[in-house]
Engineer: 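Right, I'll just put the structure down here and ask away after.
Proteins get letters first, then strands, A, B, ... in listed order; numbering begins at 1 in each. Just the heavy atoms: all of them, side chains too, but no hydrogens, waters or symmetry mates, feed the values below.
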2 protein chains.
Amino acid sequence: MDALAVLAEPTRRRIVDVLRVRECTVSELVGSLGMSQPAVSKHLRVLREAGIVTAQVRAQQRVYRLEPGPFRELDAWLAPYRRMWTHHLAELERHLDRKEDG
Amino acid sequence: MDALAVLAEPTRRRIVDVLRVRECTVSELVGSLGMSQPAVSKHLRVLREAGIVTAQVRAQQRVYRLEPGPFRELDAWLAPYRRMWTHHLAELERHLDRKEDG
DNA sequence: CCACTGCATGCCTTGACGGTTATATGCCTG
DNA sequence: CAGGCATATAACCGTCAAGGCATGCAGTGG
């Protein structure tokens, strides 16, 4: 599963949104999300296997934090599409031309 | 369904990858993808309803092209995470510090 | 060593989604 | 107006993933 598919899941996006602010333990995330602990753990596993988060063991707790790699990949994937709006004026002109045709 | 979820689908990403180069008719996409026409049409419907593509009627054909809006939104969503690697050196230092602790 | 805590895993159900075949719709041609 | 082409929609099936509960397991404190 690539980063994009993993992050398509709303709950997982909520998780990374929380982790963006600060690293968290599983219990803290369970509190933030209002979901069962197993459900959260399963999402964390998916995020881990995608390399989006890493866990650090601290006593019986696991402290989860974000990893930049997958986000960079996502950014790289998005890059070629960025032309669409950086060349926006030219696109707009073409769009209007097209409308006059049709 | 938001843009991220829509673009998580591999086939749909292939479609937008093709459309990024040039606009296409449905038949052309069917040729490129090697899939049944109904399958392609369904993906195009999903992409349309997400505002990722628009169709222009031309005789019996529909010419599909990309729209920049959803990609901009995606870029905006990604923006706050970009801090992670723009401040990459500071992050790296903190990471190493942490490892020394654990 | 025992009970508890924090988290992971297994099993199950359910709902959503992708693909296929068959069919409908709209347009264009003869 | 009949027939064919390009596309959309319908009906159906198989798969898969998300969520719940119950349970397993490692580390901790008494």
Side-chain angles (χ1 to χ4, degrees), chain A residues 1-19 22-67 70 74 98 101-102, chain B residues 1-19 22-67 70 98-99 101-102:
Chain A
M1 233 176 157
D2 63 325
L4 223 162
V6 169
L7 292 172
E9 225 287 324
T11 303
R12 288 195 282 265
R13 242 175 306 170
R14 289 175 61 199
I15 291 179
V16 297
D17 276 343
V18 172
L19 292 181
R22 61 177 188 79
E23 54 188 35
C24 287
T25 67
V26 177
S27 312
E28 287 172 335
L29 287 171
V30 170
S32 298
L33 302 176
M35 233 177 10
S36 74
Q37 174 265 315
V40 174
S41 277
K42 281 200 267 189
H43 281 300
L44 286 172
R45 176 180 187 162
V46 174
L47 289 166
R48 243 187 300 127
E49 291 176 345
I52 296 171
V53 303
T54 51
Q56 181 190 359
V57 177
R58 195 164 69 189
Q60 309 108 318
Q61 301 184 340
R62 313 292 154 95
V63 181
Y64 279 87
R65 61 198 314 267
L66 288 185
E67 289 296 326
L74 221 158
R98 209 177 307 272
D101 288 354
Chain B
M1 236 175 157
D2 62 326
L4 222 161
V6 169
L7 292 172
E9 226 287 323
T11 302
R12 286 194 284 264
R13 241 175 306 170
R14 290 175 60 198
I15 291 179
V16 296
D17 276 343
V18 171
L19 292 181
R22 61 177 188 80
E23 55 189 34
C24 288
T25 66
V26 176
S27 311
E28 286 172 336
L29 288 170
V30 170
S32 299
L33 302 175
M35 238 181 2
S36 74
Q37 173 264 315
V40 175
S41 277
K42 280 207 280 188
H43 282 301
L44 286 171
R45 177 179 186 162
V46 174
L47 289 166
R48 244 187 298 127
E49 290 176 347
I52 296 172
V53 304
T54 51
Q56 182 191 358
V57 178
R58 195 164 70 190
Q60 309 107 320
Q61 301 183 336
R62 313 292 153 95
V63 182
Y64 280 87
R65 61 198 315 264
L66 289 184
E67 289 296 325
R98 208 176 308 272
K99 277 204 164 172
D101 290 352

Engineer: B:E9: what forms a salt bridge (Lys or Arg N to Asp or Glu O under 4.0 Å) with it, not counting sequence neighbours?
Structural biologist: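 Expected list: none.
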Engineer: If the condition is side-chain contact (heavy atoms from CB on, under 4.5 Å), which residues does B:Q60 pass it with, not counting sequence neighbours?
Structural biologist: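 Counting only residues at least two positions away or on another chain, B:Q60 forms no side-chain contact (heavy atoms from CB on, under 4.5 Å).
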Engineer: Tell me every residue that passes side chain to side chain donor-acceptor pair (under 3.5 Å) with B:R14, counting only those two or more places apart in sequence or in another chain.
Structural biologist: none
Engineer: Donor-acceptor pair, distance only, cut-off 3.5 Å: does the side chain of B:R65 make one with the backbone of B:L19?
Structural biologist: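 No; judged by distance alone, with no hydrogens or angles, the pair does not exist.
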Engineer: Which atoms of nucleotides 27-30 of chain D (N or O only) lie under 3.5 Å from a protein N or O atom, and what are those distances?
Structural biologist:
from, atom 1, to, atom 2, distance (Å)
D:dT28, O4', A:Q60, NE2, 3.0

Engineer: My understanding is that only residues two or more places apart in sequence, or in another chain, count here; which of them pass side-chain contact (heavy atoms from CB on, under 4.5 Å) with B:V30?
Structural biologist: B:V26, B:Q37, B:V40
Engineer: Where does the chain A footprint on DNA chain C start and end, counting 5' to 3' with a 4.0 Å heavy-atom cut-off?
Structural biologist: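 Nucleotide range in contact with chain A: C:dT5 to C:dC11.
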Engineer: Applying salt bridge (Lys or Arg N to Asp or Glu O under 4.0 Å), which residue pairs with at least one partner in residues 34-54 of chain B are found, sequence neighbours left out?
Structural biologist: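 Checked against salt bridge (Lys or Arg N to Asp or Glu O under 4.0 Å) - neighbours excluded - the pairs reaching residues 34-54 of chain B are B:R45-B:E49.
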Engineer: Output all residues satisfying side chain to side chain donor-acceptor pair (under 3.5 Å) with B:R12, sequence neighbours left out; order by chain, then residue number.
Structural biologist: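 Once residues adjacent in sequence are excluded, the partners of B:R12 under the side chain to side chain donor-acceptor pair (under 3.5 Å) criterion are B:H43.
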Engineer: Using salt bridge (Lys or Arg N to Asp or Glu O under 4.0 Å) as the criterion, list what pairs up with B:D17, not counting sequence neighbours.
Structural biologist: none
Engineer: Which residues pass the salt bridge (Lys or Arg N to Asp or Glu O under 4.0 Å) test with B:R58, not counting sequence neighbours?
Structural biologist: none
Engineer: Sequence neighbours left out, what passes side-chain contact (heavy atoms from CB on, under 4.5 Å) with A:S36? Give chain and number order.
Structural biologist: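 For A:S36, the residues satisfying side-chain contact (heavy atoms from CB on, under 4.5 Å) (neighbours in sequence not counted) are A:P38, A:A39.
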Engineer: If a protein heavy atom is under 4.0 Å from the base, mark B; if only from the sugar-phosphate, S; if neither, -; do that for nucleotides 8-20 of chain D going 5' to 3'.
Structural biologist: BB-B------SBB
